[in-house]
Amino acid sequence: MRYAADPPAARLTIALDELVAIYHRPSGATHLLAPPAPELLDALAEGPADAPTLLARLSRQFDLPDADPQAIAARMEELVIAGLAWRA
Amino acid sequence: MRHRFSVQVGAVGFRIGSAWRGPIAALERLYVGYPKPDVPDMTVRLFPEKPWRRFARPSVAISGDFWLPDAAPLPLRQGLLAAEMGMNLQVALGWRRHLLLHCSAVERDGRVLLMSGASGSGKSTLATMLALRGWRFLGDEFAFVDLEDGRIHPFPRASSLKNEAVAAVRSAGGAVGPVLEGTPKGMIGYWRPPEIAIARMTEAAPPAMLLFPRFGRPENVERLAASETFMLLTQASTNYVSLGEAGFGALTRLVQDLPALAIDYPDGEAGMMLVDRLWGET
């Protein structure tokens, strides 16, 4: 399953504490996201990707020795339900 | 409408029209000395539910530029409450120039204390009692957050005190009146802000602390994370959604800079002392 998201300019992102507040400009909706959801949205800026590719992109920035593509896919499905990403 | 009244409260100019003289006379007494608006922003209309109800068991329906279809009419003797509810409703549903938070607000040394909570939390009573101790009263219903710089603009309406709060404010030396009995919210007494609060109603100030008070519980203080405060205030705002990105910007700035505490307190006196102590620590 490949996922896509709006470009970063479509979102206003403010880190509040461990949670990040996101204003999604296309919908006008506000979201509070926990890691790694904001990072996954940022990783989609390079273009649509499946979970293993997203994991590879995140691994360039973060130390993720035990990361599981299944967990990434689950987070992406949550972002799809929230309206911040879609299946490409 | 047969009878009219207008008043400027902070940033908002109201005009109120009524089919009866009574509610207008009550407003004139309560708001004597307040400025008049050049051009009103908000309109409230108090009219008979049916034409004959102007005379027979007179019943006051509320409307205006913005209204809720299920707002129940009130008996004429509660006409002042109808007017006040109408004014609140216009602001809650129609105001777009500031982010509105359902908060009371008082100021000391140029900094504002905000208090947010549901009806019965004690936020109005605390604000009123603090005003009786020298704090400047900014309002007990809405905090107007500036969309550009985050300062809090006053909205010093008469404070509407419910049930036990009437006696609490009276015993603290405050003059409460008129008092309406048997309203849908129980007994309601109006407390007129001090003259200094009315004279300085255009002076905004930056927020310094946010409290979520809860009356009638053993004393407890809990610091809230910025994300939790943000979520609570989106629920406490009447116009956050309609302001879109401007509201998001104002609210994220507010919660990032502001210490926020949930406080439980057993009674008014203990609440005062707790607020004083916490304010001293900011």
Side-chain angles (χ1 to χ4, degrees), chain A residues 3-46 54-55 57-58 61-64 67-68 71-86, chain B residues 92-103 114 116 145-150 206-212 221-262 282:
Chain A
Y3 298 96
D6 297 295
R11 296 182 298 273
L12 186 56
T13 302
I14 306 285
L16 295 176
D17 36 51
E18 72 276 16
L19 298 184
V20 171
I22 290 186
Y23 182 77
H24 184 233
R25 289 180 169 124
S27 65
T30 301
H31 303 265
L32 275 177
L33 299 184
E39 292 79 7
L40 284 169
L41 289 175
D42 289 342
L44 284 168
E46 289 180 37
L54 280 169
L55 185 53
R57 289 178 186 173
L58 288 183
Q61 276 186 283
F62 305 100
D63 194 17
L64 303 168
D68 174 8
I72 297 289
R75 297 291 84 74
M76 284 311 307
E77 286 299 320
E78 290 166 4
L79 288 170
V80 169
I81 290 167
L84 289 169
W86 60 90
Chain B
L93 299 180
W95 196 254
R96 298 287 183 272
R97 278 157 48 196
H98 304 84
L99 175 67
L100 287 188
L101 299 176
H102 193 213
C103 282
L114 295 171
S116 176
V145 183
D146 194 296
L147 295 172
E148 297 297 322
D149 61 22
M209 187 164 77
L210 168 64
L211 298 177
F212 292 89
V221 177
E222 190 182 329
R223 182 169 284 271
L224 299 178
S227 54
E228 188 174 4
T229 309
F230 178 82
M231 197 176 67
L232 289 168
L233 291 183
T234 57
Q235 293 161 357
S237 173
T238 58
N239 67 354
Y240 172 77
V241 171
S242 42
L243 287 176
E245 193 166 337
F248 178 85
L251 194 56
T252 49
R253 271 195 303 278
L254 185 83
V255 302
Q256 280 177 306
D257 297 340
L258 201 60
L261 303 163
T282 58

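Worth knowing before you read on, the calculation uses all heavy atoms, side chains too, and leaves out hydrogens, waters and symmetry mates. For clarity, every value in this text was computed on a predicted model and none was experimentally measured.
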Distance, nearest 0.5 Å, that separates NE2 of H24(A) from CG of L41(A): 8.5 Å
Separation of L114(B) CG from L210(B) CG (nearest 0.5 Å): 6.0 Å
[Y] backbone acceptor or donor facing [X] side chain under 3.5 Å:
X       : Y       : value
Y3(A)   : M76(A)  : no
D146(B) : D149(B) : yes
S237(B) : T234(B) : no
R75(A)  : A37(A)  : no
N239(B) : R96(B)  : no

Examine whether an atom of [X] lies under 4.5 Å from a heavy atom of chain B, and if so say whether it belongs to the side chain, the backbone or both; otherwise answer neither.
X      : result
A15(A) : backbone
L33(A) : neither
L12(A) : both

R11(A) and R25(A), any side-chain heavy atoms less than 4.5 Å apart: no
Portion of Q256(B) that has a non-hydrogen atom of chain A nearer than 4.5 angstrom: side chain
Toward chain A: residues of residues 223-230 of chain B with heavy atoms under 4.5 Å: A225(B), A226(B), S227(B), F230(B)
